[in-house]
*Asks:* 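Take this structure, written in structure tokens, and hold onto it; I'll ask about it next.
Every number for a ligand or one of its atoms is a count from 1 in the order of the listing. We number each residue from 1, following the sequence as shown.
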Amino acid sequence: MTEKSVLVTGACGEIGQALVQGMATRGGYRVVTADLAPLPDSIRSMSAEHVQGDLVNRIKQFYDYDFDIIYHLAASLSSKAEVATEEAHRINVEGTMQLLMLAAYKSEKYKKSVKFLFPSSIAAYGMTDRVEKQKAGRVKEEDYDNPHTMYGCNKLYCEKLGMYYGRFNGQRHLDPNPPVMLDFRAIRFPGLISAFTLPSGGTSDYGPEMLHHAAQGQAYSCFVREDTKISFMAMPDAIKSLLMLTDVPREKLTSQVYNIAAFALTAGEFRDRAAQAFPGATITFEPNPRRQGIVDSWPEDVDDSRARKDWAWKPDYDVDKFFEEYFLPEIRKRYGK
Ligand code: SER
């Protein structure tokens, strides 16, 4: 079997590193990585080639490759994007637009759809206030799509751009012989937690930060209230979902955007779990109004029944399994606690 030619942008990020490792474990891929930073040692040998630099400036270079699959993970996350809004827009939207154009061109040229996998986010939602958030409960993909953040606006718009390039590009779907268009598939991720890496610049970061601090015996001051609730997921489940959605035959998909969920937890429940696992952990709550506002605008949980139905999505880790079978064993190995 010939290897699949794959591009992973944002390869040095949390999802990027875990995805490159996931593909290396599976085998059958030739992976080109791209990122602003050099590759970390942990995945260097798994990348056939690494393109270092700003994606928007480097885009011409990628026309030399014929990728079967593009995982476009590079992004400026929600908290960072609020303090550098223009820059975030450039990274989150321009970069995506350039890669979509590339994938559209190649799909048409070789009459074979390039698969374009896009990590969207719970940030695409926007609840007016905490009352609405509580009332809404688990939200469906089409509801409450009124993001409050630059990052959320970027993600929602890029979902739409992906659908445009995948279905209507230039209105040529109406031509007598419509061109082959790219195959766009997006997952709206909850907050992700890895035992191996830490996020940077996001707003769901308090979850992983709290756990990593506690595991190292460091005090942590949480920037949201104890009662703040959103959904989270173990990184291995996020990677599983990306690979599953890549593999599913297109005719089984009734949508191009899918929620996925695993467990929803309050920051206070995180604290309790951390305190139980690491007695003596010092965790305090000092909400930052702006970051609090961002998380208050995100849903408590999401309805992932569409993904469950269309491509048999199911997380491996519920909250207990997450702690007992993934996070705690791995983190204890890492920090020796
Ligand atoms: N984890 C991301 C953030 O906090 C949301 O997709 O920005």
*Asks:* Just to confirm my output: which protein heavy-atom neighbour is closest to atom 6 (O) of ligand 1, and how far is it?
*Replies:*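 Here the closest protein heavy atom is Ser121 OG, 2.6 Å.
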*Asks:* Side chain or backbone of Ala123 under 4.0 Å from ligand 1, or both, or neither, by non-hydrogen atoms?
*Replies:*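 No part of Ala123 comes within reach of ligand 1.
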*Asks:* If you count the atoms of ligand 1 from 1 in the order shown, which ones are under 4.0 Å from a heavy atom of Tyr151?
*Replies:*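 Selected atoms, number and element: 5 (C), 6 (O), 7 (O).
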*Asks:* Between Asn92 and Cys153, is there a donor-acceptor pair closer than 3.5 Å when you use the side chain of the first and the backbone of the second?
*Replies:*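 Checked: no pair found.
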*Asks:* Flag this pair as yes if the NZ/CZ of Lys80 is under 6.0 angstrom from the six-membered ring centre of Tyr151 and inside a 45 degree cone about the axis; otherwise no.
*Replies:*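 Geometry flag: not set, cation outside 6.0 Å or 45°.
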*Asks:* Report yes or no: is the cationic atom of Arg188 (NZ for Lys, CZ for Arg) closer than 6.0 Å to the six-membered ring centre of Tyr125, at no more than 45° off its axis?
*Replies:*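 Yes, a cation-pi geometry.
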*Asks:* Tell me whether the centres of the aromatic rings in Tyr63 and Tyr105 are closer together than 6.0 Å.
*Replies:*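 Ring centres of Tyr105 and Tyr63 closer than 6.0 Å.
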*Asks:* Test side chain to side chain donor-acceptor pair (under 3.5 Å) on Glu209 and Tyr220 and set out the steps.
*Replies:* CA-CA 8 Å; Glu209 281 175 4; Tyr220 184 68; 2.5 Å; yes
*Asks:* Nearest 0.5 Å, what's the NZ-CG distance between Lys109 and Asp66?
*Replies:*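 Separation between the atoms: 7.0 Å.
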*Asks:* Going by the atom numbers of ligand 1, which of them fall below 4.0 Å from some non-hydrogen atom of Thr203?
*Replies:*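 Atoms satisfying the 4.0 Å criterion: 3 (C), 4 (O), 7 (O).
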*Asks:* Can a non-hydrogen atom of Phe189 be found less than 4.0 Å from any atom of ligand 1?
*Replies:*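 Phe189: no contact with ligand 1 (<4.0 Å).
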*Asks:* Yes or no: does Trp298 have any heavy atom under 4.0 Å from an atom of ligand 1?
*Replies:*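 Trp298: in contact with ligand 1 (<4.0 Å).
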*Asks:* Measure the distance from atom 1 (N) of ligand 1 to every protein heavy atom, then report the residue, atom name and distance (to 0.1 Å) of the closest one.
*Replies:*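 I find the closest protein heavy atom is Ser204 OG, 2.9 Å.
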*Asks:* Which atoms from ligand 1 have a heavy atom of Ser78 less than 4.0 Å away?
*Replies:*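 Numbered from 1, ligand 1 contributes 3 (C), 4 (O), 7 (O).
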